[in-house]
Amino acid sequence: MTPPQSDGPGEPDVQGVAFTLEGVEELTFTQILRDVMRDPAFARPLQVQAQEPRPGHSARLTLVFRPADRERAAQATQRLKTVLLRFGIQVDTVHVPGV
């Protein structure tokens with residue numbers, strides 16, 4: 001996965017909250033991704049980057065946002081935790097850059 005980049009000169013860098021989904025198989029990951037992409041909490045200006053599970057690598061979802069959208073990203077992070085709980089995935093801690 002490529003780290004988020006700015007859109008151009010003078011644009012602040014984007015930030016991301018990454019969720020590593022250890023032990024999640026491909027079918028469950030697809031179902032999680034489907035639910036996330038249908039949920040308006042993750043609509044633009046937020047972006048969801050996904051990395052499917054592969055042998056030796058866990059699945060990963062990253063919620064990407066600009067610093068100005070930090071509050072909306074924090075709300076979307078809580079929503080993502082709720083979606084993950086539906087699939088039996090417990091998230092104990094989340095690190096939000098700059099908080």
Side-chain angles (χ1 to χ4, degrees):
M1 177 161 32
T2 309
Q5 301 292 320
S6 65
D7 285 340
E11 285 287 324
D13 286 338
V14 293
Q15 299 177 343
V17 178
F19 290 80
T20 301
L21 309 177
E22 295 180 25
V24 171
E25 76 279 347
E26 191 172 345
L27 178 60
T28 301
F29 180 74
T30 301
Q31 293 170 329
I32 292 167
L33 190 57
R34 180 201 61 216
D35 286 0
V36 166
M37 299 314 294
R38 290 180 178 171
D39 195 315
F42 305 101
R44 291 206 178 272
L46 305 178
Q47 179 185 31
V48 177
Q49 295 177 348
Q51 178 181 334
E52 68 277 358
R54 294 188 177 144
H57 297 284
S58 296
R60 186 176 171 126
L61 290 175
T62 303
L63 182 60
V64 180
F65 59 96
R66 298 202 180 289
D69 298 313
R70 181 181 317 279
E71 184 177 324
R72 185 167 178 206
Q75 293 169 353
T77 297
Q78 292 303 315
R79 180 69 186 135
L80 182 54
K81 288 169 61 176
T82 300
V83 169
L84 293 173
L85 278 174
R86 267 192 264 151
F87 293 93
I89 301 167
Q90 175 70 43
V91 177
D92 295 319
T93 58
V94 175
H95 173 72
V96 179
V99 176

Participant: With rounding to the nearest 0.5 Å, note down the distance linking CG in Leu21 to CZ in Arg60.
Facilitator: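 The distance works out to 9.5 Å.
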Participant: Show the nearest heavy-atom pair for residues Ala73 and Leu63, with the distance to one decimal.
Facilitator: O-CD2, 3.5 Å
Participant: Could you state the interatomic distance from CG (Leu80) to CZ (Phe19), rounded to the nearest 0.5 Å?
Facilitator: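 So the CG of Leu80 and the CZ of Phe19 are separated by 4.5 Å.
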Participant: CG of Leu61 to OG1 of Thr77: how many Å apart, nearest 0.5 Å?
Facilitator: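 Interatomic distance, Leu61 CG to Thr77 OG1, rounded to 0.5 Å: 11.0 Å.
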Participant: At their closest point, which heavy atom of Thr62 faces which heavy atom of Gly16, and how far apart are they?
Facilitator: CG2-CA, 4.1 Å
Participant: How many angstroms lie between CZ in Phe29 and CD in Gln51, if you round to the nearest 0.5 Å?
Facilitator: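 So the gap between those two atoms works out to 8.0 Å.
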Participant: As an exercise, state the distance from NZ of Lys81 to CD1 of Ile89, rounded to the nearest 0.5 Å.
Facilitator: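 Between atom NZ of Lys81 and atom CD1 of Ile89 there are 13.5 Å.
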Participant: Search all heavy atoms of Ala41 against all heavy atoms of Ala76 and return the closest pair with its distance.
Facilitator: O-CB, 3.6 Å
Participant: Measure the spacing between CD of Gln75 and CZ of Phe42 and express it to the nearest 0.5 Å.
Facilitator: 11.0 Å
Participant: List the residues meeting side chain to side chain contact (heavy atoms under 4.5 Å, CB included) with Thr30, not counting sequence neighbours, and say none if there are none.
Facilitator: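 Counting only residues at least two positions away or on another chain, Thr30 forms a side chain to side chain contact (heavy atoms under 4.5 Å, CB included) with Glu26.
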Participant: For Thr28, which residues count as a side-chain hydrogen bond (donor to acceptor under 3.5 Å, both in side chains) partner, sequence neighbours excluded?
Facilitator: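 For Thr28 the side-chain hydrogen bond (donor to acceptor under 3.5 Å, both in side chains) partners, ignoring immediate neighbours, are Glu25.
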Participant: Restricting to pairs with a member in residues 32-42, which pass side chain to side chain donor-acceptor pair (under 3.5 Å), not counting sequence neighbours?
Facilitator: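 Found Asp35-Arg86, Asp39-Arg79.
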Participant: Is a side-chain donor or acceptor of Arg70 paired with a backbone partner of Phe65 at a separation under 3.5 angstrom?
Facilitator: no
Participant: For the hydrophobic clusters of this structure (ILVMFWY residues joined by side-chain heavy atoms under 4.5 Å, transitively), does one cluster hold both Phe87 and Val48?
Facilitator: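 Same cluster.
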Participant: Under a 4.5 Å cut-off applied to non-hydrogen side-chain atoms, are Gln90 and Leu85 in contact?
Facilitator: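 Contact flag for Gln90/Leu85 side chains = yes.
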